[in-house]
J.: 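Structure provided below as structure tokens; questions to follow.
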Amino acid sequence: MSDLSLTLCSLTGILAIALIIFLFKRKQQRLNLPPGKMGWPFLGETIGYLKPHSAITVGEFMEKHIARNGKIYKSKLFGEPAIVSADAGLNRFILQNEGKLFECSYPRSIGGILGKWSMLVLVGDMHRDMRIISLNFLSHPRLRTHLLKDVEKHTLLVLSSWKENCIFSAQDEAKKFTFNFMANHIMSMDPGNVETEQLKEEYVTFMKGVVSAPINLPGFAYGKALKSRSTILKFIEGKMEERIKKVTEGNESLEEDDLLNRVCKHSNLSTEQILDLILSLLFAGHETSSVAIALAIYFLPGCPRAIEQLREEHSEIARAKKQAGEVELTWDDYKRMEFTHCVVNETLRLGNVVRFLHRKAIKDVRYKGYDIPCGWKVLPVIAAVHLDPSLFDQPQHFNPWRWLQNSSSNRGGSSAGCPSTSTSTASMGNNFMPFGGGPRLCAGSELAKMEMAVFIHHLVLNYHWELADTDEPFAYPFVDFPKGLPIRIQRRRFT
Ligand code: HEM
Ligand SMILES: *[C@@H]1O[C@H](CO)[C@@H](O)[C@H](O)[C@H]1NC(C)=O
Ligand SMILES: *[C@@H]1O[C@H](CO)[C@@H](O)[C@H](O)[C@H]1NC(C)=O
Ligand SMILES: *[C@@H]1O[C@H](CO)[C@@H](O)[C@H](O)[C@H]1NC(C)=O
Ligand SMILES: *[C@@H]1O[C@H](CO)[C@@H](O)[C@H](O)[C@H]1NC(C)=O
């Protein structure tokens with residue numbers, strides 16, 4: 001081989017590379033990417049994007065980027081080029097085209113901690129199978145019969161332990177309620193029992209790791225959480241073995257109607273799959289709705305008219321039950337909580353328990369003249385839509401009356417500091433997606449709303465409460481009260 005052919009070889013190589021770069025550049029130029037800067041190499045703008053901010057705002061980063069670029073912009077986040085969307089239409093478009101143009105795509109570290117069989121990271125058929133199991137477990141008929149009764153039982157258990165004139169963390173109490181309920185329904189664990197308490201503690205550590213996971217900096221939280229994960233899995237596995245032992249001993253009549261039994265008996269999931277499913281349902285089902293309840297406890301004292309109207313609604317229900325000689329709340333009672341449903345929606349809209357979702361484009365997509373290249377990360381920011389002043393009148397105001405179906409019965413006077421609004425409820429509903437949407441719509445949305453309503457029912461009937469210290473919800477991006485939302489309560493008698 002001569003030097004010449006070697007030179008020729010490298011020359012063609014260089015030419016080929018030049019051609020590729022040229023074509024790539026041309027393609028990029030032809031693409032009409034949304035405006036925005038990519039920031040630093042690797043990290044991009046991730047740190048700015050995740051900077052903690054008041055949960056009832058979109059944060060400084062979003063504000064500045066939207067002001068500069070509009071509601072759709074590009075950036076580099078979580079190590080990848082990304083399109084960020086604060087646009088209601090694009091968000092709906094992304095969620096509705098799940099599996100066709102976009103796909104769920106959480107950072108690898110989230111998969112590491114929730115498990116590779118967690119519903120949050122699965123796509124395709126496997127996701128569908130797991131989703132069907134969860135939906136059956138949380139189905140409407142079960143909600144009416146089993147779940148409502150137990151939600152009430154666990155609410156009363158927590159509320160009855162509250163002591164007058166001491167200060168305690170409302171957030172912890174809400175967590176206690178949702179955790180006890182979920183652990184009971186998933187694995188028939190009893191509240192207050194030693195192993196339930198241990199599992200709850202383990203979940204706190206686990207949660208901290210999930211929160212830190214998106215950046216996965218070499219901190220302790222993520223590593224500790226991985227350890228927690230294996231402790232929790234071992235625990236669930238122990239529960240599974242207990243069940244299997246019972247079945248082989250022929251003691252079927254003793255079996256509980258919980259999720260663990262259903263998946264063990266009626267599905268062909270592997271042990272590993274069952275463990276991840278149970279772990280992530282326990283997680284999805286208690287971290288979110290407890291924050292939502294804490295948010296309601298936080299927002300309501302700022303709007304005394306709303307508490308008053310809630311008390312009217314719930315006293316009415318309680319009186320009717322007393323007359324009928326009923327004790328437990330029924331489905332009809334729940335359906336009668338009209339104003340409460342407005343409070344629930346307003347709490348979810350303003351508090352934004354889940355701020356944004358992780359997706360990626362699986363095809364080249366064009367939307368409103370912008371190109372979204374295949375493979376790019378896509379982040380629908382649902383919180384930004386809920387706080388968009390062009391879609392919700394005075395979005396920073398807690399105003400449950402904006403949800404009243406019937407504007408003629410609008411009773412929230414502006415005089416009460418909770419101004420009424422003229423935005424139509426139909427268009428609000430369209431832009432309101434606290435539970436995501438499309439084929440991955442939250443499987444527990446109906447349960448979560450019921451938990452909030454039932455908790456509010458007994459809270460407003462039995463207690464007066466006030467915030468004992470200044471505290472406010474922050475988006476870390478996971479919503480949390482830095483001081484745990486300390487409150488002080490007083491018992492009240494209702495007639
Ligand atoms: C206020 C409380 C809650 C909020 C704000 C909430 C929000 C969400 C959101 C936004 C998603 C979609 C994630 C995505 O598309 O990437 C989701 C999914 C999910 N949620 Fe919830 N959630 C709540 C309560 C619950 C409860 C109580 C459960 C019950 C166990 C639950 C179970 C699930 C499950 C299983 C999924 C995955 C659905 C799928 O991938 O098909 N959630 N949730
Ligand atoms: C079922 O469980 C009960 C109580 O634990 C026990 O007394 C009984 O012998 C068991 N029956 C069978 C068939 O194992
Ligand atoms: C479970 O069984 C069904 C058929 O009953 C089959 O299609 C599916 O692939 C199985 N799933 C797993 C995870 O083995
Ligand atoms: C609350 O929001 C849901 C959409 O998630 C909507 O269907 C429902 O009508 C709203 N409730 C009220 C009282 O406006
Ligand atoms: C709407 O308001 C009118 C008048 O206040 C009332 O008669 C009607 O029952 C209301 N409808 C609903 C669905 O609330």
Side-chain angles (χ1 to χ4, degrees), residues 91 94-96 98-99 102-106 110 114 118-124 126-138 143 147 151 174 177-179 181-183 185-186 259 276-296 335 337-349 351-360 378-383 386 400-407 423-453 455 478-479:
N91 287 359
I94 295 166
L95 297 181
Q96 244 110 51
E98 173 77 17
F102 302 93
E103 198 172 76
C104 197
S105 170
Y106 280 82
I110 295 260
L114 285 176
S118 151
M119 281 183 70
L120 214 54
V121 297
L122 285 178
V123 293
M126 203 55 228
H127 170 259
R128 195 204 50 213
D129 290 354
M130 294 274 206
R131 184 173 170 84
I132 290 171
I133 294 174
S134 314
L135 287 178
N136 282 338
F137 179 64
L138 298 161
L143 223 56
L147 303 184
V151 164
F177 159 55
T178 57
F179 186 86
F181 171 78
M182 284 310 287
H185 261 264
I186 288 178
L259 182 69
D276 279 356
L277 176 67
I278 300 273
L279 175 103
S280 54
L281 270 181
L282 201 51
F283 168 76
H286 105 275
E287 290 292 350
T288 46
S289 37
S290 60
V291 175
I293 289 168
L295 284 165
K335 286 289 140 185
M337 301 176 182
E338 250 177 62
F339 182 64
T340 310
H341 288 126
C342 298
V343 169
V344 165
N345 276 10
E346 185 64 354
T347 301
L348 294 171
R349 181 195 67 80
N352 287 295
V353 178
V354 176
R355 319 289 298 183
F356 65 94
L357 307 172
H358 286 265
R359 295 293 188 269
K360 72 172 182 224
V378 180
L379 303 175
V381 185
I382 47 185
H386 296 164
W401 292 277
R402 73 170 85 231
W403 293 98
L404 277 185
Q405 309 290 336
N406 203 341
S407 52
T423 321
S424 89
T425 40
S427 78
M428 285 187 344
N430 248 347
N431 299 321
F432 181 56
M433 318 195 221
F435 298 107
R440 304 188 80 103
L441 176 73
C442 173
S445 62
E446 289 306 316
L447 169 63
K449 288 193 264 188
M450 192 170 82
E451 287 178 313
M452 292 174 74
F455 198 92
F478 186 84
V479 176

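Atoms within a ligand are numbered from 1 in the order they appear, just like the ligands themselves. By convention here, the first residue in the shown sequence is residue 1.
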J.: Do L147 and F181 touch side chain to side chain, with heavy atoms closer than 4.5 Å?
T.: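 The answer is yes, as the side chains (C-beta and beyond) meet within the 4.5 Å cut-off.
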J.: Below 4.5 Å, heavy atoms only, C-beta onward: do L357 and Y106 meet side chain to side chain?
T.: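 Yes; the side chains approach each other to less than 4.5 Å.
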J.: Going by the atom numbers of ligand 1, which of them fall below 4.0 Å from some non-hydrogen atom of G285?
T.: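 By the 4.0 Å cutoff, the relevant atoms are 26 (C), 27 (C), 28 (C), 29 (C), 30 (C).
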J.: Which protein heavy atom lies closest to atom 37 (C) of ligand 1, and at what distance to 0.1 Å?
T.: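 Answer for atom 37 (C) of ligand 1: M119 CE, 3.9 Å.
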J.: Determine, using heavy atoms of F137 and all atoms of ligand 1, whether some pair is separated by less than 4.0 Å.
T.: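 It does not; every heavy atom stays at 4.0 Å or beyond.
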J.: Do the non-hydrogen side-chain atoms of R355 and V479 ever get within less than 4.5 Å of each other?
T.: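 Heavy-atom side-chain distance check passes, below 4.5 Å.
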J.: For the aromatic rings, using the six-membered ring if either is Trp, is the centroid distance between W401 and F339 under 6.0 Å?
T.: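 When the ring centroids of W401 and F339 are compared, they turn out to be within the sub-6.0 Å range.
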J.: Any heavy atom of M182 sitting closer than 4.0 Å to ligand 1?
T.: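 Per 4.0 Å heavy-atom rule, M182 contacts ligand 1.
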J.: Measure the CG-NE2 distance between L281 and H185 for me, rounded to the nearest 0.5 Å.
T.: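 Spacing of CG (L281) from NE2 (H185) equals 13.0 Å.
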J.: Note the single closest protein heavy atom to atom 36 (C) of ligand 1, along with its residue, its atom name and the distance in Å.
T.: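 Nearest protein contact, heavy atoms only, for atom 36 (C) of ligand 1 is A443 N, 4.0 Å.
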J.: As an exercise, identify every atom of ligand 1 less than 4.0 angstrom from a heavy atom of A448.
T.: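 Numbered from 1, ligand 1 contributes 1 (C), 2 (C), 24 (C).
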J.: Among all protein heavy atoms, pick out the one at the shortest distance from atom 40 (O) of ligand 1; state its residue, atom name and that distance to 0.1 Å.
T.: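 Heavy-atom neighbour on the protein nearest atom 40 (O) of ligand 1: H127 NE2, 2.9 Å.
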J.: What is the nearest protein non-hydrogen atom to atom 6 (C) of ligand 1, stated with its residue, atom name and distance?
T.: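 Answer, as residue, atom name and distance: F435 CD2, 3.6 Å.
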J.: Can you tell which of C442, G444, S289 gets a heavy atom nearest to atom 19 (C) of ligand 1?
T.: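 That would be C442.
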J.: Show me which atoms of ligand 1 lie under 4.0 Å from any heavy atom of A292.
T.: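 Here the atoms of ligand 1 in question are 1 (C).
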J.: Can you report which non-hydrogen protein atom sits closest to atom 35 (C) of ligand 1, along with the distance?
T.: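 Of the protein heavy atoms, L281 CD2, 3.6 Å lies nearest.
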J.: When you measure from atom 38 (C) of ligand 1 to each heavy atom in M130, R131, M452, H185, which option holds the nearest one?
T.: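 Residue with the shortest heavy-atom distance to the ligand atom: R131.
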J.: Just how far is it from atom CD1 of I278 to atom OG of S118, taken to the nearest 0.5 Å?
T.: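 Interatomic distance, I278 CD1 to S118 OG, rounded to 0.5 Å: 12.5 Å.
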J.: If the cut-off is 4.0 Å to any non-hydrogen atom of A284, which atoms of ligand 1 fall inside it?
T.: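 With A284 as reference, the close atoms of ligand 1 come out as 24 (C), 25 (C), 26 (C), 28 (C), 31 (C), 32 (C), 33 (C), 42 (N).
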J.: Over 60° means perpendicular and under 30° means parallel, so tell me whether F179 and H286 are parallel, tilted or perpendicular.
T.: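 Perpendicular.
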J.: Considering only heavy atoms of R359, which atoms of ligand 1 have at least one such atom less than 4.0 Å away?
T.: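 Selected atoms, number and element: 14 (C), 15 (O), 16 (O).
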J.: Numbering the atoms of ligand 4 from 1, which are under 4.0 Å from a heavy atom of F432?
T.: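 Under 4.0 Å from F432, ligand 4 has these atoms: 2 (O), 4 (C), 5 (O).
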J.: Kindly confirm or rule out an N or O of N345 lying under 3.5 angstrom from an N or O of ligand 4.
T.: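 Looking only at distances, the answer is yes, because the N/O contact criterion of under 3.5 Å is met.
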J.: Judging by distance only, is a nitrogen or oxygen of Y106 under 3.5 angstrom from one on ligand 1?
T.: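 Checking ligand 1 against Y106, an N or O pair does fall under 3.5 Å apart.
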J.: Return yes if some donor-acceptor pair links the side-chain N/O of R131 with the main-chain N/O of A443 below 3.5 Å, else return no.
T.: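 No: the side chain of R131 does not pair with the backbone of A443.
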J.: Please examine the side chains of S280 and V121, heavy atoms only from C-beta on, and report whether any two atoms are closer than 4.5 Å.
T.: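 With C-beta onward as the side chain, the pair stays apart.
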J.: Where is the nearest protein heavy atom to atom 24 (C) of ligand 1: which residue, which atom, and how far?
T.: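 Checked against all protein heavy atoms, atom 24 (C) of ligand 1 sits closest to T288 OG1, 3.1 Å.
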J.: For a 4.5 angstrom cut-off between non-hydrogen side-chain atoms, does R359 reach R440?
T.: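 Yes. Closest side-chain heavy atoms under 4.5 Å.
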J.: Just to confirm my output: which protein heavy-atom neighbour is closest to atom 5 (C) of ligand 1, and how far is it?
T.: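 Of the protein heavy atoms, P434 O, 3.6 Å lies nearest.
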J.: Would you call E346 and W403 a side-chain contact if the rule is heavy atoms closer than 4.5 Å?
T.: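 The answer is yes, as the side chains (C-beta and beyond) meet within the 4.5 Å cut-off.
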J.: For a 4.5 angstrom cut-off between non-hydrogen side-chain atoms, does L138 reach E446?
T.: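 No - every pair of side-chain heavy atoms lies 4.5 Å or more apart.
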J.: Can you name the closest pair of heavy atoms from G436 and L441 and give their distance?
T.: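 Reported closest heavy-atom pair: O-CD1, 3.5 Å.
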J.: Check each atom of ligand 4 against the heavy atoms of W403 and keep those under 4.0 Å away; list them by number with element.
T.: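 Within the 4.0 Å cut-off of W403, ligand 4 contributes 12 (C), 13 (C), 14 (O).
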J.: Go through ligand 1 atom by atom and flag the ones less than 4.0 Å from a non-hydrogen atom of L357.
T.: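 Going through ligand 1 atom by atom, the ones under 4.0 Å from L357 are 10 (C), 13 (C), 14 (C), 15 (O), 16 (O).
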J.: What protein heavy atom lies closest to atom 12 (C) of ligand 1? Include the residue and the distance to one decimal.
T.: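 Scanning the protein heavy atoms, the shortest distance from atom 12 (C) of ligand 1 goes to R440 O, 3.8 Å.
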